[in-house]
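Written below as C-alpha cells is the structure these notes are about.
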Amino acid sequence: VGATKQDKVKSIIESDSETKGMDIVKAILPKDSVNLLNTIGDKDELLPKSITFADDKIKAFQEEEKNDDITAMYSNGNIIVGNDFLKENSGRQVRILIHENLHARLYNLGATRHKKFLNNMTEIYDDFSREIAQDITDAENGNFDAIRNRRDLSDAFSDDSIKTWIDNI
C-alpha cells in the first residue's frame, strides 16, 4: 500500500531537503500544475526552502490568536506547519506555503517596509475578498454565467470546473 498524501508531505517536511516547498508541490499536484508553476519564474522566490513540523507550536498559536483555522505560521525565521496543514487539500497546501513564504520575505524587508507593504495590500485584499464573496454567492445560486463574465472566462470552463476552483480558493 502506497503512502498517503499526508505521509508524503510530512516525510518531505521532516527531510533534510533544501527545496521542501517545491518538493511538496511535486508530490501533491498534478504534473500539469507543476509545469504551470514552473513557467512563473524563480520558485525559490515563491515557495519556502525550509519548513518545520511542530504541531504543538501551531496549537499554541491557534489558542493565542483564538483561531482554530490556522494551519501554518512564520516565526523567528521558520515556516511551521502542524497536523491541520496535512489535512488540507493539495491546492490549499500550496497556497498556504506561498502565503507563509511571503510573510518570511516581508519580515526580511525590515519592520518599516513590511508595515508599508501591508498597509498598501489592505485595499487589494479587501477588493479580492469582495470579488470572491460574490463568486461564492453566484456559485451557490447557480449563476455561473455571472462568474464567467466577471472573470472573463470562456464557455469552455464548465460549471463544475468553476465550482471546484471557487471551492479551492
Side-chain angles (χ1 to χ4, degrees), residues 5-6 8-29 33-138 147 150-153 165-169:
K5 181 189 77 147
Q6 289 180 356
K8 289 177 188 176
V9 170
K10 190 168 183 186
S11 176
I12 292 166
I13 292 168
E14 292 175 338
S15 76
D16 61 357
S17 170
E18 294 182 9
T19 57
K20 290 180 183 180
M22 192 57 170
D23 294 347
I24 290 170
V25 166
K26 288 178 180 177
I28 65 175
L29 290 183
S33 296
V34 175
N35 291 341
L36 181 61
L37 188 59
N38 282 330
T39 66
I40 63 168
D42 187 357
K43 274 85 48 214
D44 289 340
E45 299 293 322
L46 187 63
L47 294 161
K49 292 180 181 180
S50 179
I51 304 162
T52 303
F53 185 86
D55 195 57
D56 57 329
K57 290 183 180 182
I58 294 297
K59 294 296 181 200
F61 191 54
Q62 286 174 337
E63 287 181 29
E64 177 184 320
E65 294 293 316
K66 296 177 179 45
N67 183 349
D68 291 340
D69 293 331
I70 294 170
T71 61
M73 61 187 258
Y74 174 76
S75 177
N76 299 322
N78 296 305
I79 293 173
I80 301 167
V81 300
N83 285 321
D84 292 339
F85 173 82
L86 299 175
K87 296 174 189 172
E88 296 286 356
N89 69 51
S90 299
R92 180 124 174 87
Q93 283 180 333
V94 173
R95 285 191 306 281
I96 290 167
L97 292 177
I98 292 169
H99 173 95
E100 294 305 327
N101 198 49
L102 180 59
H103 279 293
R105 295 191 52 154
L106 291 172
Y107 179 83
N108 291 335
L109 290 176
T112 302
R113 288 176 61 198
H114 184 178
K115 185 170 179 58
K116 183 177 179 182
F117 177 84
L118 291 179
N119 288 340
N120 291 336
M121 292 302 295
T122 300
E123 183 177 337
I124 294 169
Y125 177 83
D126 290 344
D127 289 345
F128 178 79
S129 294
R130 272 191 301 280
E131 291 291 322
I132 294 303
Q134 185 61 54
D135 288 344
I136 291 168
T137 298
D138 285 339
I147 298 168
R150 188 171 40 259
R151 298 288 177 194
D152 197 27
L153 299 173
W165 173 67
I166 290 170
D167 288 346
N168 288 292
I169 290 179

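The structure places NZ of Lys5 at 6.0 Å from CG of Asn89, a figure rounded to the nearest 0.5 Å. Taking CE of Met73 as the reference point, atom CD of Glu65 lies at 9.0 Å (rounded to 0.5 Å). The distance from atom NZ of Lys116 to atom CG of Leu106, rounded to the nearest 0.5 Å, is 13.5 Å. Rounded to the nearest 0.5 Å, atoms CD1 (Ile124) and OG (Ser129) are 11.5 Å apart. Considering NE2 of His103 and OH of Tyr107, their distance stands at 13.5 Å, rounded to 0.5 Å. Interatomic distance, CZ of Phe53 versus CG of Leu86, reported as 5.0 Å (0.5 Å rounding).
Formation of a donor-acceptor pair under 3.5 Å by the Glu88 side chain with backbone atoms of Gln93 is not found in this model. With hydrogens and angles disregarded, a donor-acceptor distance shorter than 3.5 Å links the side chain of Ser15 to the backbone of Ile12. The backbone N or O of Ile80 sits nowhere less than 3.5 Å from a side-chain atom of Asn78 that would complete a donor-acceptor pair. Although no hydrogens or angles enter the test, the distance criterion places a donor-acceptor pair under 3.5 Å between the side chain of Lys20 and the main chain of Ile51.
Between Asp135 and Arg151 there is a side-chain heavy-atom pair separated by less than 4.5 Å.
Across Ile136, Ile132, Asp138, a single residue satisfies side chain to side chain contact (heavy atoms under 4.5 Å, CB included) together with Gln134, and that is Asp138.
For Ile96 against Ala72, the heavy-atom pair with the smallest separation is CG2-CB, 3.5 Å.
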Applying side-chain contact (heavy atoms from CB on, under 4.5 Å) to Ile98 and Leu47, what does each step give before you reach the verdict? CA-CA 5 Å; Ile98 292 169; Leu47 294 161; 3.9 Å; yes
Ile166 and Ile147: CA distance, side-chain angles, deciding distance, side-chain contact (heavy atoms from CB on, under 4.5 Å) verdict: CA-CA 10 Å; Ile166 290 170; Ile147 298 168; 3.6 Å; yes
Which donor-acceptor pairs under 3.5 Å do the side chains of residues 55-62 make with protein atoms, sequence neighbours left out?
{"from": "Asp55", "atom 1": "OD1", "to": "Asn83", "atom 2": "N", "distance (Å)": "2.8"}
{"from": "Asp55", "atom 1": "OD2", "to": "Asn83", "atom 2": "ND2", "distance (Å)": "3.3"}
{"from": "Lys59", "atom 1": "NZ", "to": "Asp84", "atom 2": "OD2", "distance (Å)": "3.2"}
{"from": "Gln62", "atom 1": "NE2", "to": "Asp68", "atom 2": "O", "distance (Å)": "3.1"}
{"from": "Gln62", "atom 1": "NE2", "to": "Ile70", "atom 2": "O", "distance (Å)": "2.6"}
{"from": "Gln62", "atom 1": "NE2", "to": "Asp84", "atom 2": "OD2", "distance (Å)": "3.1"}

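Within 6.0 Å of CZ on Arg150 lie more than 12 heavy atoms contributed by other residues, nucleotides or ligands.
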